[in-house]
Amino acid sequence: MTTPALSVRNLRVSVGSGESEVEILRGVDFDVRRGEILGIAGESGSGKTMAMRAVLGLLPHGARATGSAVLDGRDLVGLSQSELRTIRGRHIGMVFQDPTTSLHPMLRIGRQLTDHMRKHLGLRRAEAERRALDLLDDVRLPDPEQAMGRYPHQFSGGMRQRIAIAAALACNPTLIVADEPTTALDVTVQAGVLALLRRLCDEHGTSIVMITHDLGVLSELCDRVSVFYSGSVIESGSTRDVMDHARHPYTRALLDALPDQGLDDLRPMVPIAGTAPSAADRPAGCAFHPRCRFATVPCQTDPPGPRATGPDGAEPHTFSCTVDPFELRSVVR
Amino acid sequence: MTATLDRAAGPAGAGPKRTATRRRPPVMRFIARRALSTSFLLVGVTAAVFAVSRFVPTDPVVANLGTEAAQDPAIVEAYREKHGLDQPLPVQYLTYLWRLLHGDLGQSIQTGQAVSADLAARVPATVELALAAMIIALLVSIPLGTVAALRRGKPSDKAVLGGTLLGMSAPSFWVGLVALYLFFFRLGWVPGGGRLSLEYVPPPSRTHLYTVDALISGDVALAMDAARHLVLPAAVLALPMIALLTRFVRSSILDVLGEDYVRNARAKGLGEPTVIVRYVLRAAAPQILTVVGLALANAFVGTLLVEQVFSWPGMGSYAYQSAIRLDFPAVMGVCLVITVAYIIINLSVDLLYGVVDPRMRVTT
Ligand SMILES: Nc1ncnc2c1ncn2[C@@H]1O[C@H](COP(=O)(O)OP(=O)(O)O)[C@@H](O)[C@H]1O
Ligand code: SF4
Ligand SMILES: [Mg+2]
């Protein structure tokens, strides 16, 4: 098996110092393999965005990252900003949640598609524009020639997101990070944008990290899934294993909360009882224990480590819960 | 100052969101509507100035003839008749308006010349001064405000903020005197006053701005002399503009720095200078433009005292001298020019929004 496109190990992000230090990410591990779409799921505030910002070196002011994030054999954690600038936009493309705010309202589309191409690939203006036309064609934007001279407000939300995806794709990166790319779009155009990402992944062999809190998106699009809870990965595995044989009580609760187990239609994640703890007052032991139906006394003090499940040699499926999975199954069913 | 800042901040801050939903009228209708409101404004301003000029407690006859001549009823009568002061007030006003429509602003009591001729000779000097001040203000405040925003909360930012507060509250008249003393008397770096040294004659008129005209005619020495005369009064006039603009540039940039498209520009790996100039400043431009218009309009009023200090032969010193002599036709002429200047500046700013911000472009 080839090395993963991105390999994240023990990634920690904290803000503040001394007494007021808060650990937003508490040692996160995940791999993104070549040409696959990895889903990162979890409630709002669980640290999905922060994890990818740490990888890109775009943390908010005052936040620090430790651990490693190896992209194409190079650890990005600890690189200087000027080194990171040769990687961002070149080897990692980023697609933000809302294309209305992520595209500059006063710059022409042509400019926003070409400025990083010219910088990273050393293309001349005409060359970059020719490539931009191909990209717009590739993301199925009608009339690319005309689009180049237009401004973002002259396009619909779905078209804007296609443009943003084209920009992320411009330098033919190893990895594209899409942070909830359909959340801000009309339901009617969401499926089209997701299909586009799937096709780009298949045709160009680009790896994609798909951040979402939408289980429908996960099951439709992603090859594998990592579920985040309060700054940790609490379950990961192939989408099918995690969806059909969820081991962690949190994942189970998420799935049980869906009114219809048929996940073909796009359904938002229904919040489960209680609220997600903020990074500042995270409970001791298992962070999920105040909301967990299966919590036992040790859960309140001992943080569970990851353990593997499933038959040996198959796709690894891990979860972090101290309760025995077989026992758990008998309780639920 | 805070009031004007807030006024400027309001519409500009709300701008991007507001215009996304509201459709602008076509450009012809826009201009027609402007022309209509402008004529109302002009009638209002002339009426107001006219009323004020006629109700001041001082008698212009006494002010201009001197107390002795004012004792002689025949002289006074002749004077009043000559200047139309014997007519009823509404008639005087309508006569004034009628003449105004024909480009006749009346005769200056003080200079004995047509006010329009006096103004034609002096307004270009003021325009040159105000524009030079504007350019200096932009050259200083945009980098200064940007650096302050990027170093928000650090000592350099606090120093800039403190300095601008000082700059806003320092009276131009006093600053002008100090600057004149220092740079002319003490250091001899700049000439003492006027637009040109005695040995030079003004360049052939094209734009009526000496520096520009001298350059057009290819006379570099003349252009240098004009510039040396211009720089100190322009700098003094620019000082309050710099203070206002720097603060505004700083806050506009702080608004923009947190935007997604700036984070996106960084996520594309663009260098920091590119991000700041092409993305951040570009986005702040419409907001900055609003205050530039405001500052330029204020500069026209600011010339009143600054021109006096630097013997600048412009409209400001003309207005000052006319006012203390109760030269009403001249004062009214100046008021009209200032009103027209405000209107032109506002119209230019509105039209420039369309250039700077594609979302505000008026569609035909
Ligand atoms: N700029 C910031 N400074 C400090 N803490 C932050 C900042 N942004 C987000 N956080 C905290 O980091 C945690 C994870 O946030 P985030 O990664 O945005 O979550 P998600 O993307 O999963 O919704 C949250 O608890 C949030 O409060
Ligand atoms: S460790 Fe305990 S509290 Fe945490 S999920 Fe498992 S059973 Fe629930
Ligand atoms: Mg997020």
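We name chains A, B, ... by the order of the sequence lines, and we start the count at 1 in each one. Just so you know, these numbers come straight off a predicted model, no measurement behind them.
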Most chain B-contacting option - heavy-atom pairs closer than 4.5 Å, from Arg90(A), Gln154(A), Met94(A), His153(A): His153(A)
Using a cut-off of under 4.5 Å for heavy-atom pairs, which of Ala285(B), Pro358(B), Ala265(B), Ala283(B) has the most such pairs with chain A? Pro358(B)
Please flag which part of Gln112(A) lies under 4.5 Å from any non-hydrogen atom of chain B: side chain, backbone, both or neither. both
Correct closest heavy-atom pair for Val306(B) and Ser172(B) would be CG2-CB, 3.9 Å
Would you call Glu127(A) and Arg118(A) a salt bridge, using N to O less than 4.0 angstrom? no
Which portion of Leu107(A) sits near chain B, non-hydrogen atoms under 4.5 angstrom: side chain
Can you tell me if Arg130(A) uses its side chain to pair, donor with acceptor, with the backbone of Arg125(A) under 3.5 Å? no
Return yes if a side-chain donor-acceptor contact under 3.5 Å exists between Asp75(A) and Ser68(A), otherwise no. no
